[in-house]
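One structure is given here, and the rest of the page talks about it.
The basis for the numbers below is simple: all heavy atoms, side chains too, and nothing from hydrogens, waters or symmetry mates. As the structure is a computational prediction, the values presented were derived from the model and not from experiment.
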Amino acid sequence: MELIKLEDVGRFVGVPVEIAIQDSEGGDQAPTVKKTVKKVQYCPDGTHIRYYFDDFYFLAVLLASEVSQSENHWSAFDQESGLTYTVKKVQVF
């Protein structure tokens with residue numbers, strides 16, 4: 001399985017996005033939130049990729065997650081946790 005690469009998610013930096021985290025077992029779902037990604041980088045131990053929304057707060061996704069993506073959409077399924085992380089560009093009119 002190919003690991004997530006920084007260059008694959010760099011297109012979301014500096015643009016408004018919608019972020020959703022969904023449980024594959026259908027449990028309680030967190031609401032979708034709109035954020036602007038400030039930067040993306042690997043975590044210090046190299047196991048996750050982090051989407052930073054400011055200097056402190058981030059969303060971490062396991063690098064070994066199964067990824068599907070298009071120009072405006074990226075999602076990763078973490079088999080260990082059963083969670084799917086979705087990042088989608090927000091259309092601004």
Side-chain angles (χ1 to χ4, degrees):
M1 175 181 299
E2 187 173 332
L3 299 178
I4 300 169
K5 297 176 186 170
L6 284 177
E7 57 267 21
D8 289 343
V9 296
R11 65 185 179 277
F12 297 105
V13 174
V15 299
V17 296
E18 286 183 353
I19 298 172
I21 302 172
Q22 298 176 316
D23 182 350
S24 63
E25 295 182 7
D28 291 338
Q29 303 294 315
T32 301
V33 296
K34 292 182 181 176
K35 297 279 188 179
T36 298
V37 177
K38 182 175 181 179
K39 64 181 176 181
V40 290
Q41 67 183 49
Y42 295 120
C43 68
D45 66 1
T47 59
H48 293 75
I49 191 166
R50 292 179 176 178
Y51 285 85
Y52 279 88
F53 308 113
D54 57 29
D55 291 334
F56 302 104
Y57 295 101
F58 59 86
L59 170 70
V61 179
L62 185 66
L63 286 177
S65 300
E66 294 177 28
V67 173
S68 66
Q69 60 184 324
S70 66
E71 178 60 28
N72 296 322
H73 173 270
W74 181 91
S75 68
F77 174 66
D78 178 350
Q79 290 184 332
E80 290 182 21
S81 68
L83 297 176
T84 300
Y85 303 88
T86 302
V87 178
K88 184 172 78 175
K89 288 183 180 177
V90 174
Q91 298 292 326
V92 179
F93 299 100

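- Sequence neighbours left out, the pairs with a member in residues 71-90 that pass ring pair (Phe, Tyr, Trp, His ring centres under 6.0 Å) are Tyr51-Trp74.
- Two residues are said to be in side-chain contact when any heavy atoms from C-beta on lie closer than 4.5 Å; Val37 and Phe53 meet this criterion.
- Shown here for Thr36 and Gly14, the closest heavy-atom pair between the two residues is CG2-C, 3.8 Å.
- Take Phe12 and apply the ring pair (Phe, Tyr, Trp, His ring centres under 6.0 Å) test, not counting sequence neighbours, and it matches no residue.
- For the pair Ser65/His48, no side-chain contact is recorded, criterion being any heavy-atom separation below 4.5 Å from C-beta on.
- Cation-pi check for Lys38 over Tyr52 is not met; the charged atom does not lie both under 6.0 angstrom from the ring centroid and within 45 degrees of its normal.
- Between Asp78 and Val61, every side-chain heavy-atom pair lies at or beyond the 4.5 Å cut-off.
- A distance of 10.0 Å separates CD of Gln79 from OG1 of Thr84, quoted to the nearest 0.5 Å.
- There is a path of hydrophobic side-chain contacts, each under 4.5 Å, that joins Val15 to Val13.
- One hydrophobic cluster, built from ILVMFWY side chains closer than 4.5 Å, holds both Val40 and Val67.
- Side-chain contact between Asp23 and Leu83 is present, with heavy atoms from C-beta onward closer than 4.5 Å.
- In terms of hydrophobic clustering, with Ile, Leu, Val, Met, Phe, Trp and Tyr side chains grouped at heavy-atom distances under 4.5 Å, Ile4 and Phe58 are assigned to different clusters.
- Atom-to-atom distance recorded for Arg11:CZ and Asn72:CG is 8.0 Å, nearest 0.5 angstrom.
- When hydrophobic clusters are built by joining Ile, Leu, Val, Met, Phe, Trp and Tyr residues whose side-chain heavy atoms come closer than 4.5 Å, directly or via intermediates, Val17 is grouped together with Val33.
- Contacts classified as salt bridge (Lys or Arg N to Asp or Glu O under 4.0 Å) and involving residues 79-93 (residues at least two apart or in different chains) are given here: Glu18-Lys88, Glu71-Lys89.
- Once rounded to the nearest 0.5 Å, the distance linking CG of Leu6 with CG of Leu63 reads 8.5 Å.
- In this structure, the side chains of Val87 and Val9 stay at 4.5 Å or more apart for every pair of heavy atoms.
- A donor-acceptor pair is defined here as one N or O able to donate and one able to accept, closer than 3.5 Å; no such pair exists between the side chain of Thr86 and the backbone of Ser75.
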